[in-house]
Amino acid sequence: MDIVEKNLAIIEECIQTKSYQEVETERFELKDLSRGWGDDWQKSVCAFLNTNGGIIIIGINDKNNSKPPHYKFMGYVNSSDHENYLKDTLPKLFKDRDGKVLDLTINNIFRYEIRPFLSGNVVVVYVESLPDDEKFAYYQNVAYKRRLTGDYPLTKGEIEDYEELKREIITDKELSIVKNATLDQLNIDTLNQYILRYNKGKSKGETLKADLNGALSFLTRQGFVRENSPTLLGMLVCGNDVENYIQGKCEADCYVVSPHKVAESKEIINDNIIGLIERTTNYVWRNIKVGIGYSKGGTAEPEYPEELLRESINNAFAHRNYNTDRFIIIEIRPNDSLMIRNPGAFERRQRIILDSEYGKIRRIVPIQVARNPKLTHLLKSFDFWEGKGRGLTSLIDACLENQIDVPYYVLSDGEIKLFIPKGKVYDNEMDLWLGSFAGYISKKLGRELTFDEKIMLSFFYKSERLNRIEQYTILLTMDNNHKDVIATLEENKLIFKNSVSPEIYPIYQVDRILMKKEFSNELKEIYGEEEWNSLKQDYQDVLSAIYRHNMYSSPLEIINANNMGNFLYFEKNKAVNDPKAFENYKRRIRNIFNQLEIKQYIYRKDKKNKEEKGKPNFVINTDFKQIGTLFN
């Protein structure tokens with residue numbers, strides 16, 4: 001289900017049930033034509049062009065300021081006037097800084113479709129972000145940007161800063177001349193394959209080329225040739241023997257890393273950019289595990305969503321630093337993670353680095369920045385996912401849909417490593433974590449958590465944990481479909497906004513009680529410091545787990561060796577990969593429970609011992625008196 005289908009379903013349910021759930025975000029807007037095609041609508045298109053793109057639904061009035069707020073279906077009639085406006089008038093309303101009309105029909109920057117909705121139709125307008133080297137678009141001499149759900153004029157300072165960035169982009173490495181390469185190193189057949197893709201969707205396309213001389217004008221316009229010599233971009237797209245001219249810039253080293261040598265694999269790939277991306281993606285797809293998803297009728301379920309894999313690999317090549325000959329490295333660790341390492345760095349404005357009273361904050365702001373805008377723009381012709389302009393947000397979307405675990409970055413000098421862990425953000429560990437605080441949460445919320453709330457709390461919890469060890473997670477901005485969930489958690493004080501976070505990029509952290517794992521001080525008060533310190537670590541771990549569940553879990557929860565064994569095991573392990581080791585661990589926990597009961601560190605809730613057939617549901621003995629050490 002795409003975002004349009006999902007949001008239309010929400011709106012339909014709201015209209016039918018006379019309820020309200022907000023769907024507008026930084027990239028999703030609702031409009032109606034009750035006042036015609038006015039400035040408000042055109043400013044939104046301009047803002048989407050200048051920010052991260054977006055979708056506008058025409059035919060629904062969002063009465064969010066009414067009491068109560070509600071949606072009103074206005075519908076859309078596909079008259080010739082409306083069709084002419086969308087096809088011919090609107091795409092010519094926007095100009096660049098010099099007053100030149102922008103052609104929004106190129107590469108489907110602006111397109112629309114009519115969809116049935118309720119008793120009529122709506123129009124879905126898709127607006128892609130302009131390539132970084134072509135921004136900004138102006139409407140009536142003003143450039144607008146999108147912030148949350150509003151459109152705001154760009155300041156003179158913001159425009160000047162970006163013009164400086166554009167000058168750097170335009171002179172970037174992708175247009176540099178390749179040393180020792182000549183025009184005959186460009187392959188005319190590969191070029192014509194590109195032209196066929198380039199022409200897709202255009203009413204008037206480029207003619208196929210018979211030879212390089214006839215192609216020279218096109219090659220120059222595309223940035224493939226400069227001063228009659230191939231550029232890096234030209235060699236990447238259609239060069240021959242590329243590895244001999246641009247070395248690691250056209251290389252990907254792919255590995256399967258396994259503790260079992262027989263399962264390891266390696267492939268070094270050298271190719272033009274399209275072949276390089278496709279072959280790298282195919283390698284990953286061949287080597288990740290595919291299981292059976294019983295919840296979906298026995299269909300195949302790969303470790304990672306296919307679209308996410310393709311986009312993540314494509315991003316690595318599109319946005320890597322081509323000033324270095326270092327190559328991209330892909331590492332697949334079965335049952336663990338996928339790592340993509342590429343030369344490059346996030347800009348300063350994309351990184352949030354704070355050390356607050358609640359710990360380290362290391363976040364990446366999902367701002368679209370094209371280091372190689374012409375290459376990125378070119379890839380749209382090949383229908384790669386990157387052309388949809390979603391960037392980092394697709395990782396967040398997959399995470400919050402519980403398709404993957406929390407992705408994170410490890411940054412070093414001139415290099416970015418993206419890790420996509422196998423699993424789900426809301427997994428066994430998080431289920432047991434939230435269960436251990438179920439009573440505390442229920443008192444604050446007045447009910448049990450919903451599934452979406454569990455996912456959101458898991459995301460914030462794991463983000464904090466990763467940030468603590470200098471691993472960067474992606475900032476969850478207001479451009480998401482979980483604003484209501486976040487608002488509910490914040491209102492009930494299960495999360496809070498860190499006071500040192502930037503104004504437009506709020507950073508949410510989890511209630512500090514929920515982050516608490518260490519209960520040594522409380523247990524020292526009960527058992528005495530000397531007695532507590534005499535206990536081995538695994539005994540302390542068991543007592544801490546029992547104490548946490550006694551204090552914060554549901555009063556109905558059974559606290560026994562089996563449940564605490566599961567809880568402690570999944571705190572340290574994502575899954576049971578070795579059933580024998582798991583059973584040995586559980587046996588060890590049962591033995592610890594027996595010893596703790598014998599020495600009266602814990603007792604059964606019904607105050608009957610094992611011989612009296614007391615139920616195995618334990619609590620901490622707060623009246624503990626030493627009757628001998630455990631380790632005599």
Where [X] and [Y] come nearest, the two heavy atoms and their spacing:
X      : Y      : result
Leu308 : Leu395 : CD1-CD2, 3.6 Å
Lys249 : Leu232 : CD-CD1, 3.6 Å
Gln403 : Pro305 : OE1-CG, 3.5 Å
Gly223 : Thr231 : O-OG1, 2.6 Å
Pro343 : Thr324 : CB-CG2, 3.5 Å
Met456 : His482 : CE-CB, 3.3 Å

Requested in this report: Decide side-chain hydrogen bond (donor to acceptor under 3.5 Å, both in side chains) for Thr473 and Arg363; before the verdict, give the C-alpha distance in whole Å, the side-chain angles of both, and the deciding distance to 0.1 Å.
Outcome: CA-CA 5 Å; Thr473 52; Arg363 302 291 163 92; 3.3 Å; yes
Between the main-chain N or O of [Y] and the side-chain N or O of [X], is there a donor-acceptor pair closer than 3.5 Å?
X      : Y      : value
Arg197 : Leu378 : no
Asp253 : Ile329 : no
Lys135 : Thr51  : yes
Tyr408 : Leu466 : no
Asn402 : Val425 : yes
Arg326 : Gly414 : yes
Asp98  : Lys100 : no
Arg146 : Phe48  : no
Asn50  : Tyr144 : yes
Glu415 : Ser412 : no

Query raised in the report: Taking the six-membered ring of Tyr322 as reference, does the NZ or CZ atom of Arg320 fall below 6.0 Å from its centre and within a 45° cone about the axis?
Result: yes
Between atom [atom1] of [X] and atom [atom2] of [Y], what is the distance when rounded to the nearest 0.5 Å?
X      : Y      : atom1 : atom2 : value
Glu174 : Asn323 : CD    : CG    : 10.5 Å
Asn287 : Ile332 : CG    : CD1   : 5.0 Å
Ile55  : Leu30  : CD1   : CG    : 11.0 Å
Arg351 : Leu475 : CZ    : CG    : 14.5 Å
Leu191 : Leu196 : CG    : CG    : 10.0 Å
Asn315 : Arg310 : CG    : CZ    : 14.0 Å

Below 4.5 Å, heavy atoms only, C-beta onward: do [X] and [Y] meet side chain to side chain?
X      : Y      : result
Phe110 : Leu86  : yes
Gln222 : Glu206 : no
Leu130 : Phe136 : no
Ile57  : Arg115 : no
Ser312 : Ile420 : yes
Lys424 : Met430 : no
Leu236 : Val242 : no
Val127 : Leu49  : yes

Requested in this report: Begin with the C-alpha distance, continue with both residues' side-chain angles, and end with the deciding distance and a verdict on side-chain contact (heavy atoms from CB on, under 4.5 Å) for Asn573 and Asn428.
Outcome: CA-CA 9 Å; Asn573 303 275; Asn428 285 332; over 6 Å; no
Query raised in the report: Are any of the side-chain nitrogens in Arg341 or Glu331 under 4.0 Å away from the carboxylate oxygens of its partner?
Result: no
Query - Ion pair Lys6/Glu401, N-O distance below 4.0 Å - result: no
Report task. Report the residue from Asp184, Ile246, Leu186 that forms a side chain to side chain contact (heavy atoms under 4.5 Å, CB included) with Pro230. Result -> Leu186
Query raised in the report: Step by step, would you call Asp431 with Phe570 a side-chain contact (heavy atoms from CB on, under 4.5 Å)?
Result: CA-CA 10 Å; Asp431 184 54; Phe570 285 110; over 6 Å; no
Requested in this report: State, without any angle test, whether Arg226 and Thr220 hold a side-chain donor-acceptor pair at a distance under 3.5 Å.
Outcome: no
**Report entry** By ring pair (Phe, Tyr, Trp, His ring centres under 6.0 Å) - contacts of Phe346 (at least two apart)
**Finding:** Tyr409
Query raised in the report: Taking only residues at least two apart or on different chains, which pairs with a member in residues 214-248 satisfy ring pair (Phe, Tyr, Trp, His ring centres under 6.0 Å)?
Result: Tyr194-Phe224, Tyr198-Phe218
**Report entry** Step-by-step side-chain hydrogen bond (donor to acceptor under 3.5 Å, both in side chains) determination, Asp211 to Asn213
**Finding:** CA-CA 6 Å; Asp211 53 45; Asn213 285 332; 5.0 Å; no
**Report entry** Residue pair Leu379, Ile274: steps toward the side-chain contact (heavy atoms from CB on, under 4.5 Å) verdict
**Finding:** CA-CA 8 Å; Leu379 292 175; Ile274 302 305; 3.7 Å; yes
Query - Residue among Asp241, Asn272, Asn240, Asn192 satisfying side chain to side chain donor-acceptor pair (under 3.5 Å) with Asn187 - result: Asn240
Report task. Please lay out, stage by stage, how Ser265 and Tyr283 fare under the test side-chain hydrogen bond (donor to acceptor under 3.5 Å, both in side chains). Result -> CA-CA 10 Å; Ser265 169; Tyr283 177 90; 3.0 Å; yes
Report task. Kindly check if the number of other-residue, nucleotide or ligand heavy atoms within 6.0 Å of CZ (Arg221) is above 12? Result -> yes
Query raised in the report: Does the pair Gln185 and Thr182 meet the rule for a side-chain contact (heavy atoms from CB on, under 4.5 Å), with working shown?
Result: CA-CA 6 Å; Gln185 292 305 129; Thr182 57; 4.0 Å; yes
Requested in this report: Using the salt bridge (charged side-chain N to carboxylate O under 4.0 Å, His left out) rule, collect all pairs that involve residues 460-472, keeping only residues at least two apart or in two chains.
Outcome: Lys360-Glu470, Arg362-Glu470, Asp405-Lys462, Asp427-Lys462, Glu429-Arg465, Glu464-Arg512
